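Please read these numbers as outputs of a predicted model, since none were measured by experiment. Side chains included, hydrogens not; waters and symmetry mates left out as well; all remaining heavy atoms used. First the proteins, then the strands, lettered A, B, ... as listed; each starts at 1.
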There are 2 protein chains.
Amino acid sequence: MSDNTADFGVRDRAPRRLRTDARRNIESLLEAAKTVFSTAGVDAPAKEITDLAGVGVGTLYRHFPQRSDLIKAVIEREIDACADAAPALAAAHEPGVALAKWLDRFTAFVATKRGFAAALHSGDPAFDGLPGYLMQKLGPALESLLDAATASGEVRARVGAQDLLYAVAKLCAPMPDEEPDYGRRMVALLVDGLRSGESPH
Amino acid sequence: MSDNTADFGVRDRAPRRLRTDARRNIESLLEAAKTVFSTAGVDAPAKEITDLAGVGVGTLYRHFPQRSDLIKAVIEREIDACADAAPALAAAHEPGVALAKWLDRFTAFVATKRGFAAALHSGDPAFDGLPGYLMQKLGPALESLLDAATASGEVRARVGAQDLLYAVAKLCAPMPDEEPDYGRRMVALLVDGLRSGESPH
DNA sequence: TCGTTATCTGGAAACTCTTTCCGGAACTAT
DNA sequence: ATAGTTCCGGAAAGAGTTTCCAGATAACGA
């Protein structure tokens with residue numbers, strides 16, 4: 001806790017190259033965790049994950065000192081994947097279509113990964129950085145898509161990228177037995193407001 | 001699960017009058033739990049609650065066989081309080097004002113009680129009944145307020161009470177470090193849509 | 001290639017909560 | 001008051017997480 005080795009997360013920052021077996025194990029753990037989380041939920045016992053990854057518990061806790069660190073890492077990784085999808089979509093479609101498709105992608109992520117909503121609302125300070133991370137990674141992505149769509153006249157901007165991002169994230173968070181398209185419907189309502197609304201009053 | 005004794009929760013239905021000390025203890029536990037939950041979060045150790053309530057752990061588990069049962073009971077109790085507030089507001093204000101005030105009340109409940117969002121998104125099947133309970137209790141309350149406001153011409157209904165209820169509940173669920181009025185702002189956006197929107201297309 | 005050194009690994013043990021259990025206390029009805 | 005239930009309290013069992021460290025393994029210089 002002094003000066004040189006205060007690194008918590010595993011991603012970014014390379015104060016010192018990791019040993020190759022360590023890197024390989026981290027990879028296995030993240031992959032296994034992703035699988036187990038989506039199968040048995042984020043509360044699945046750690047043992048299940050380490051077994052699937054083929055490592056001991058000690059290895060898990062060496063790289064992810066707290067259970068929440070593992071969850072955080074998995075989610076951040078999925079956020080990254082979502083961000084990475086934006087440029088490809090922008091390149092392959094009309095601005096309006098690209099925006100819609102990306103929102104779909106994002107919606108699917110939020111709706112599918114129950115762990116994301118759970119982590120966000122858990123109240124555990126360990127996850128406090130997550131919205132910031134999401135904003136930082138996805139904000140620019142959405143903004144550029146939004147700008148392009150606005151420029152091409154297909155959308156009239158009334159809310160910022162951040163507000164929209166959060167609103168979609170919240171509206172699409174899964175709730176027990178709600179109609180499967182509820183989230184999408186509500187997002188459509190918002191986007192309708194975006195694209196055709198005269199400002200009220 | 002057959003015919004006569006399949007009661008899980010503690011509230012409503014009286015197959016047999018509870019002993020007075022039992023009822024008193026249940027009351028203490030619910031009160032203590034409410035306090036502790038809002039102080040230390042819903043993950044606070046059970047010991048803390050039983051100590052505050054002045055009972056042993058055994059007593060807690062006699063009345064709330066699972067930890068989630070206690071959380072559920074506390075939340076249901078707060079939902080009840082919210083529902084009970086509607087008639088008074090309707091009696092004391094103009095329809096439009098009553099609606100706004102009640103939405104404020106509901107918003108505050110969702111925004112303040114982090115445990116509610118946490119339970120809802122936890123993925124634990126124990127909480128599956130909660131949205132239904134919320135709908136059942138708050139749906140009629142909101143609907144009557146909404147009807148009154150519509151009748152008096154202050155609001156043009158475009159979504160049902162259920163959709164609105166869920167949307168508000170989701171938008172106002174607290175997220176780490178978001179502007180304090182974000183939820184209220186987004187709800188306003190929705191309500192603006194409600195009150196002045198020409199239906200798009 | 002080999003020795004040296006820092007880093008990583010596995011699993012046993014310590015901990016922290018939750019949940020079960022049951023002897024004895026407390027309430028209720030008669 | 002007494003019998004008959006129903007409850008209470010807290011010890012102990014379970015379930016999961018986190019710590020710890022002796023031994024294994026990679027990295028690197030000679």
>> If you assign each of B/Gly58 and B/Arg24 to its closest nucleotide in DNA chain C, which residue comes earlier from the 5' end?
In response: B/Gly58
>> Judged by each residue's nearest nucleotide on DNA chain C, which is more toward the 5′ side, A/Asp21 or B/Asp43?
In response: A/Asp21
Starting from [atom2] on [N], measure out to [atom1] on [X] and report it in whole angstrom.
X: A/Leu18; N: D/dC28; atom1: CG; atom2: P; answer: 12 Å
X: B/Arg67; N: C/dT20; atom1: CZ; atom2: C1'; answer: 17 Å
X: A/Phe64; N: C/dT9; atom1: CZ; atom2: P; answer: 11 Å
X: B/Asn25; N: C/dA25; atom1: CG; atom2: C1'; answer: 13 Å
X: B/Leu29; N: D/dC7; atom1: CG; atom2: P; answer: 14 Å
X: A/Leu70; N: D/dG16; atom1: CG; atom2: P; answer: 16 Å

>> Nearest to the B/Val57 side chain among D/dC8, D/dG10, D/dT18, which nucleotide is it?
In response: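 Ranking D/dC8, D/dG10, D/dT18 by closest atom to the B/Val57 side chain puts D/dG10 first.
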> Can you list the steps and then say if A/Tyr61 with A/Asp69 is a side chain to side chain donor-acceptor pair (under 3.5 Å)?
Replying inline: CA-CA 9 Å; A/Tyr61 280 90; A/Asp69 291 328; over 6 Å; no
So, is [X] near the phosphate of [N], with a side-chain N or O under 4.0 Å from OP1 or OP2?
X: B/Tyr61; N: C/dT20; value: no
X: B/Thr59; N: D/dC7; value: no
X: A/His63; N: C/dC8; value: no
X: B/Gln66; N: C/dT18; value: no
X: B/Thr20; N: C/dC27; value: no
X: B/Thr50; N: D/dG9; value: no

> Going by modelled atom types, is there a donor-acceptor pair between the base of C/dA26 and the side chain of B/Arg19 at under 3.5 Å?
Replying inline: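 Donor-acceptor pair under 3.5 Å: yes.
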>> Applying salt bridge (charged side-chain N to carboxylate O under 4.0 Å, His left out) to B/Glu179 and B/Arg184, what does each step give before you reach the verdict?
In response: CA-CA 10 Å; B/Glu179 308 142 52; B/Arg184 196 162 300 207; over 6 Å; no
> Is B/Arg62 touching bases, backbone alone, or none of the nucleic acid, heavy atoms closer than 4.0 Å?
Replying inline: base
>> Nearest 0.5 Å, please: how far is NZ in A/Lys34 from CZ in A/Arg77?
In response: 7.5 Å
